Amino acid sequence: MREHAIAAIPADGIGPEVISAGLEVLNTLSRKMGAFRLNVQTFPWGSDYYKKHGFMMPPNGLDLLRPFAAIYFGAVGAPDVPDHITLWGLRLAICQGFDQYVNLRPTRILRGLASPLRACKPGDLDWAIVRENSEGEYAGHGGRAHRGLPEEVATETSIFTRSGVTRIMRFAFQLAQKRPRKLLTVVTKSNAQRHGMVLWDEIAAEVAKEFPDVAWDKMLVDAMTTRMVGKPASIDTVVATNLHADILTDLAAALAGSLGIAPTANLDPLRRFPSMFEPIHGAAFDITGKGIANPIGAFWTAALMLEHLGETDASVRLMEAIETVTASGIHTPDLGGRATTREVTSAVCDAF
Ligand code: ATP
């Protein structure tokens, strides 16, 4: 029996609801298949932990996580703790501490779901968006001076390094090469941002030469939003900076039906550290505790985690079960249905 050690960090808001649903689905799948077992340890980190201890995770948090094969993460955020503390104290501390430099966000319209785009058929929207996850606008470089005075100043410097841009471009071209259409769009803003984004474009052109079989084009981020809405079928694989892709992937999730279904993998492709898997949505306080959070994003996330662990059959079976349930019309309210988290979870477990 293959065993995988998983660290679960449900954290805040609907995070605990969707992660416990995801673990139930994973355990049911592993029992039914009998081929692998997940040894899950849950860490109680997040905003409540911060209110008690003064930090989102203990100072040796990364050391505690390092031995695990993967991290299954919920969501962070609390109405009474500033967002930059919750984000930098846990999620970004793990992503950056473990150099998870790829944030991969697949998006497609699952069976039985509809896009808000009237003319969009399911096959028209099947994208893999690669987000640079280690530098760029989220490099954390900057500062504030003269706090509270009229002269107050704050800087937020984006950082683009040759090594950082090269490795994300290479990952994106490799991914595009593996997908049937072999088509990559490099998102940029080099008309207005004439240093970092120009380096980004130059390196894209250099790396492209290593992949002569991949067709690629370049798109300004603003134009990309209109292309996603107007011509979704013209897009396949996309690579964008940390901030640009953050925004584009929320749009992508909404175009595929709901923020509640979309998954994310924060990958260290070199496998020096554990990679981290999380639904794309946040803490969603408006629905926390109501039992109606859509767990599909956490399930699809679990499928990405299984694939990363080498459990490809299990990953495919999980996606099939998810789509059997979405196709059967068992939908939570965000998808226009009346099902609860519990009902969707049980239906997926029954579909294995
Ligand atoms: P963040 O600021 O961290 O992105 P948030 O709580 O402001 O998080 P999101 O979680 O990103 O917002 O989601 C915005 C809204 O989408 C939520 O308030 C909720 O109504 C809806 N939503 C998000 N995820 C889900 C889900 N899994 N199930 C149902 N509705 C969801």
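One-based numbering, in listed order, for ligands and for the atoms of each. Note that this is a predicted model, so its numbers are computed, not measured.
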* **Polar side chain donor-acceptor pair, Thr345 to Glu343, under 3.5 angstrom** => no

* Asked: For ligand 1, which atoms sit closer than 4.0 Å to a heavy atom of Ala283?
  -> 6 (O), 8 (O), 10 (O)

* **Minimum heavy-atom distance between Pro274 and Phe98, given as atom pair plus value** => CG-CE1, 3.7 Å

* Asked: Out of Lys290, Arg91, His281, who gets a non-hydrogen atom closest to atom 23 (C) of ligand 1?
  -> His281

* Numbering the atoms of ligand 1 from 1, which are under 4.0 Å from a heavy atom of Gly260? -> 25 (C), 26 (C), 27 (N)

* Looking at Ala293, which atoms of ligand 1 are within less than 4.0 Å of one of its heavy atoms? -> 28 (N)

* **Non-hydrogen side-chain atoms of Trp127 and Leu255 separated by less than 4.5 Å** => yes

* Structure fact -> Of Ile292, Ile280, Asp286, the residue with the heavy atom nearest atom 20 (O) of ligand 1 is Asp286

* **4.0 Å protein heavy-atom contact status of atom 17 (C) of ligand 1, strictly under** => yes

* If the plane angle is over 60° it's perpendicular, under 30° parallel, otherwise tilted; pick one for Trp216 and Phe173. => perpendicular

Atom pairs and distances, donor-acceptor, side-chain atoms in residues 40-52, under 3.5 Å, two or more places apart:
from: Ser47; atom 1: OG; to: Asp12; atom 2: OD2; distance (Å): 2.6
from: Lys51; atom 1: NZ; to: Asp80; atom 2: OD1; distance (Å): 3.2
from: Lys51; atom 1: NZ; to: Asp80; atom 2: OD2; distance (Å): 3.2

* Asked: Ion pair present between Glu24 and Arg342, side-chain N to carboxylate O less than 4.0 angstrom?
  -> yes

* When you measure from atom 14 (C) of ligand 1 to every protein heavy atom, which one gives the shortest distance, and what is it? -> Leu259 CD2, 3.8 Å

* Structure fact -> For atom 30 (N) of ligand 1, the closest protein heavy atom turns out to be Ile287 CD1, 3.4 Å

* Given that the side chain starts at C-beta and the backbone is N, CA, C, O, which of these parts of Val18 lies under 4.0 Å from ligand 1, counting heavy atoms, or is it both or neither? -> neither

* Asked: Below 4.0 Å from any atom of ligand 1, is there a heavy atom belonging to Ile14?
  -> yes

Give every donor-acceptor pair under 3.5 Å between a side-chain atom in residues 189-203 and any protein atom, sequence neighbours left out.
from: Lys189; atom 1: NZ; to: Asp222; atom 2: OD1; distance (Å): 3.4
from: Lys189; atom 1: NZ; to: Asp222; atom 2: OD2; distance (Å): 3.2
from: Ser190; atom 1: OG; to: Thr188; atom 2: OG1; distance (Å): 3.4
from: Ser190; atom 1: OG; to: Asp201; atom 2: OD2; distance (Å): 2.5
from: Trp200; atom 1: NE1; to: Val187; atom 2: O; distance (Å): 2.8
from: Asp201; atom 1: OD1; to: Thr188; atom 2: OG1; distance (Å): 2.8
from: Asp201; atom 1: OD2; to: Lys218; atom 2: NZ; distance (Å): 3.4

* To do: Could you tell me the residue and atom name of the protein heavy atom closest to atom 21 (C) of ligand 1, and the distance to it rounded to 0.1 Å?
  => Ala284 CB, 4.7 Å

* Inspect the contact between Asp124 and Lys231 and indicate whether a charged nitrogen and a carboxylate oxygen are less than 4.0 angstrom apart. => no

* Asked: Is it the case that His4 and Glu311 place a side-chain donor and acceptor less than 3.5 Å from each other?
  -> yes

* Under 3.5 Å: N/O of Gly282 near N/O of ligand 1 -> yes

* Asked: For atom 28 (N) of ligand 1, what is the nearest protein heavy atom, given as residue, atom name and distance?
  -> Asn294 N, 2.8 Å

